[in-house]
Amino acid sequence: MRSSTFKFCMLFAGVTLLAVAIYFFVTYIGVKIALDNNGLTPFYQHSIRALWLTFAFQALLIGLLYFIVAYRPHSVTREVIVIFGLIQLVE
């Protein structure tokens, strides 16, 4: 029972993070248009774009890590899994 609950939670977290990553990748086009049409300096525009893509890639990679952990629970320690989850929560 305990391992099936852990697997379900990891799969749910992986699906959720992949959905967040897909959302950020899809809406990047809208962010690019919005940043091009405002009065920000190019430095700030590029910084916002970089942060947007960084968050998307980070969610994608952590989501994939959660899928790996769901199928091979002992491949990564639980502390690392919690730290990666907290990284997304803090951001």
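Residue numbers count from 1 along this sequence. Side-chain atoms are counted along with the backbone in the values below, which use heavy atoms only and exclude waters and symmetry mates.
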Centroid-centroid distance, F25 to F57, less than 6.0 Å: yes
Side chain proximity check, F67 to V15, heavy atoms < 4.5 angstrom: yes
L64 CG to L18 CG distance, which is reported to the nearest 0.5 Å: 5.5 Å
Working for side chain to side chain contact (heavy atoms under 4.5 Å, CB included), residues I68 and V76: CA-CA 9 Å; I68 292 170; V76 179; 5.7 Å; no
Minimal non-hydrogen separation, A56 against A21, with atom names: O-CB, 3.5 Å
pair F43-S47: side-chain heavy atoms closer than 4.5 Å: yes
Linked, directly or transitively: Y28 and F24 (ILVMFWY side chains, under 4.5 Å): yes
T27 vs W52, side chain to side chain contact (heavy atoms under 4.5 Å, CB included): CA-CA, chis, key distance, verdict: CA-CA 10 Å; T27 58; W52 194 270; 3.2 Å; yes
Sub-4.5 Å side-chain heavy-atom contact between Y44 and T41: yes
hydrophobic_cluster_shared for L11 and L60, side chain cutoff 4.5 Å: yes
From S75 atom OG to I81 atom CD1, the distance as rounded to the nearest 0.5 Å: 7.0 Å
Step-by-step side chain to side chain contact (heavy atoms under 4.5 Å, CB included) determination, Y66 to F12: CA-CA 9 Å; Y66 282 175; F12 180 74; over 6 Å; no
For residues 29-39, which side-chain donor-acceptor pairs fall under 3.5 Å, sequence neighbours excluded?
unit_1	atom_1	unit_2	atom_2	d
D36	OD1	R49	NH2	2.5
N37	ND2	I33	O	3.2
N38	OD1	L40	N	3.2

Separation between CD1 of I83 and CZ of R78, rounded to the nearest 0.5 Å: 14.5 Å
K7 backbone acceptor or donor facing Y71 side chain under 3.5 Å: no
Atom OH of Y23: over 12 foreign heavy atoms under 6.0 Å: no
Test side chain to side chain contact (heavy atoms under 4.5 Å, CB included) applied to F6 and V69, step by step: CA-CA 9 Å; F6 176 78; V69 169; 3.6 Å; yes
